[in-house]
Protein chains: 2
Amino acid sequence: MSGNCQVSYEGRASSTLGWGERLLIIKTDGSVLVHRPEGYEPVNWQPAGCVFQVEVEDEELRIRAARLQPREVLNIFFNRVLHLSTLTLTDEGDFSLYVSEQDMKRAILLAPKLVGEDFRPLTSEKELGAAGFVDVVGEDSEGRLVVVEIKRNPAGREAVRQLQRYIKAVGMRTERPLRGIIAAPSLTREAQALLSREGLEFKPVSLKRCYEVLKFEKTRKLSEFFPE
Amino acid sequence: MSGNCQVSYEGRASSTLGWGERLLIIKTDGSVLVHRPEGYEPVNWQPAGCVFQVEVEDEELRIRAARLQPREVLNIFFNRVLHLSTLTLTDEGDFSLYVSEQDMKRAILLAPKLVGEDFRPLTSEKELGAAGFVDVVGEDSEGRLVVVEIKRNPAGREAVRQLQRYIKAVGMRTERPLRGIIAAPSLTREAQALLSREGLEFKPVSLKRCYEVLKFEKTRKLSEFFPE
DNA sequence: ACGTCGATCTCGAAC
DNA sequence: GTTCGAGGTCGACGT
């Protein structure tokens, strides 16, 4: 539905939007999107689960979309409707995204040599309480603990700081010598500087490589289900 | 535009989406949204600035939206079109969001007593280089430096850790006694524990209060322009 | 329910 | 140009 409208929001914050022509989308799950003629993001919205109220008053169409938890209300007033259509869409298509950060971790656990020839993973995820969650902890051939921070995108300073914190937190709990490795497709210049200053390491891990490892694992799994 | 389609994306990641009925939105700035019948977020999209290519092949309509920097491509194949409409929307309406974190800072600078009766702001923003940016630094009636970390939402542990870092960084540069205050609508349980353990403080600052301060300031400003 | 973290995050500002 | 932090972030997962 599109037309000339005015929007106000009250909830986690408050906002107002003056008169103008926009596209309004209301989905069957009770989510709402108000799109201006430009930009990827909706100017106003409401997540799924809204309760609606529609009424006409003073030659204006008012649509109210309210949500509890958190309590927030979106009000849309139309004084002219350019276009209206309702569709019932049936969509059973599968969506799949390849090589997320999660996938990288799985790939590294499946093929630890992605991180280093002598790397042996010990635990993965949620090991530390206070400082956060380490992606992977392992050890090398010299018995040193290896803390691995995985990034899907070129790792920046923030990744190094994260690794620092993890190293520090792990250091509190062990006497073993420590190594910190960032596993990512690449490293930004600044992160490189920080990294070497801190005595940490970088191991380039390409998405393609991960994809191949996972694909291989998938076919292996399948072949277990359908043995020759 | 809506219809039965199939989508594939290749770029920062890769994804495929099987056949199904969706809503496709193409905006004048070259942004693309593919919406499934449910959910707030588009299942596939492309930010503004795409180059398009449309062609019909084997009874299918193919829309290609490509973007450089980063290099990524979205391909949409329609085998049935349910609905198509093009609109030229003119939208000059002003959008304003009240009480952002920025607004909270402005409100606190305008009404320092929001942080404490004896709080006097000295500087705001970008004071520290290494550890980041402190929201506000001030002093109290006893001459202690007060570092204020502002959060718009209930402050969690991360806010406390941030404040810790700032305190530490400020401590390196001065001999004056220090106080650290988190100014936010509320504080999570865990953050509370961390906070008291670290000897830091919490000052509840409601969005509504900030809103009122800013509104007051606005009317004051206006009255200066239009004096009696 | 709350807290934490990733995201094809997007977006804007600062450097 | 890149980097960095905020977002009514959203959504997922774990507690």
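Below, each value reflects all heavy atoms present in this structure, side chains not excepted, and no hydrogens, waters or symmetry copies. In what follows, every chain begins at residue 1, and chains take the letters A, B, ... in the order their sequences are listed. Quick caveat: nothing in here was measured; it's all calculated off a predicted structure.
One can place CG of B:Asn44 at 14 Å from C1' of C:dA7, the figure rounded to the nearest angstrom. C:dA7 atom C1' lies 9 Å from atom CG of A:Leu97, rounded to whole Å. Between the CD atom of A:Glu41 and the C1' atom of D:dT9 there is a distance of 8 Å, given to the nearest Å. At whole-Å resolution of the value, CD in B:Gln192 and P in C:dC2 are 14 Å apart. Look at CZ on B:Arg152: it is 16 Å from C1' on D:dG5, rounded to the nearest Å. Taking atom OH of residue A:Tyr40 and atom P of nucleotide C:dC11, one finds them 8 Å apart after rounding to whole Å. When rounded to the nearest whole Å, the span between CG of A:Leu33 and P of D:dG8 equals 15 Å.
Within the structure, no pair that satisfies the ring pair (Phe, Tyr, Trp, His ring centres under 6.0 Å) test touches residues 1-39 of chain B, not counting sequence neighbours. Screening residues 29-39 of chain A for salt bridge (Lys or Arg N to Asp or Glu O under 4.0 Å) gives A:Arg36-B:Asp91 as the qualifying pairs, with residues at least two apart or on separate chains. Evaluation of the salt bridge (Lys or Arg N to Asp or Glu O under 4.0 Å) test over residues 6-15 of chain A, restricted to residues two or more places apart or in two chains, returns A:Arg12-A:Glu72.
Residues passing the ring-ring contact (aromatic ring centres under 6.0 Å, His included) test with A:Phe78, sequence neighbours excluded: none. By the side-chain hydrogen bond (donor to acceptor under 3.5 Å, both in side chains) test, A:Ser96 is found to be paired with B:Thr16, residues two or more places apart in sequence or in another chain being considered. Applying the side-chain hydrogen bond (donor to acceptor under 3.5 Å, both in side chains) criterion to B:Asn4, with sequence neighbours excluded, gives B:Asn79. Residues passing the side-chain hydrogen bond (donor to acceptor under 3.5 Å, both in side chains) test with B:Glu92: none are found, sequence neighbours excluded. For A:Glu198, the side-chain hydrogen bond (donor to acceptor under 3.5 Å, both in side chains) partners two or more places apart in sequence, or in a different chain, are A:Gln164.
For the pair A:Leu200/A:Val147, no side-chain contact is recorded, criterion being any heavy-atom separation below 4.5 Å from C-beta on. Annotation: side chain of B:Val43 is not in contact with side chain of B:Val7 (no heavy-atom distance under 4.5 Å).
A donor and an acceptor atom never sit less than 3.5 Å apart when one is taken from the side chain of A:Glu101 and the other from the base of C:dG6. One donor-acceptor pair, N or O on each side, does fall under 3.5 Å between the base of D:dG8 and the side chain of A:Gln46. For B:Asn153 against D:dG8, a side-chain-to-base donor-acceptor contact under 3.5 Å is absent.
Comparing C:dA7, D:dG8, D:dG5 by their nearest atom to the side chain of A:Arg161 picks out D:dG5. Among the nucleotides D:dG11, D:dG7, C:dT8, the one closest to any side-chain atom of B:Ser100 is D:dG7. Listed candidates were C:dT4, C:dT10, D:dG5. Nearest to the side chain of A:Glu158 is D:dG5.
Only A:Gln69, listed by number, bring a heavy atom of residues 62-71 of chain A to less than 4.0 angstrom from any atom of DNA chain C. DNA chain C is contacted by no residue of residues 195-210 of chain B, taking any non-hydrogen atom closer than 4.0 Å. Residues of residues 6-24 of chain B that place a heavy atom closer than 4.0 Å to DNA chain C, in numerical order, are B:Tyr9, B:Arg12, B:Ala13.
Comparing B:Pro47 and A:Lys151 against DNA chain C, the residue whose closest nucleotide sits nearer the 5' end is A:Lys151. Remark on DNA chain D: of its neighbouring residues A:Thr188 and A:Leu74, the 5'-side contact belongs to A:Thr188, judged by nearest-heavy-atom nucleotide.
Looking at B:Thr86, B:Ile76, B:Leu61 one by one, the single match for side-chain contact (heavy atoms from CB on, under 4.5 Å) with B:Met1 turns out to be B:Leu61.
At C:dT4, one or more side-chain N or O atoms of B:Arg157 fall inside 4.0 Å of OP1 or OP2 (strictly under the cut-off). Side-chain N/O atoms of A:Trp45 include none lying less than 4.0 angstrom from OP1 or OP2 on D:dT9.
Taking atom P in both C:dT8 and C:dT4, one finds a spacing of 22 Å when rounded to whole Å.
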With a cut-off of 3.5 Å and sequence neighbours excluded, list every side-chain donor-acceptor pair involving residues 181-195 of chain A.
from	atom 1	to	atom 2	distance (Å)
A:Thr188	OG1	A:Ala155	O	3.4
A:Thr188	OG1	A:Ala191	N	3.3

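Note: A:Trp45 and B:Tyr40 have tilted aromatic rings, judged against thresholds of 30 and 60 degrees for the angle between ring planes.
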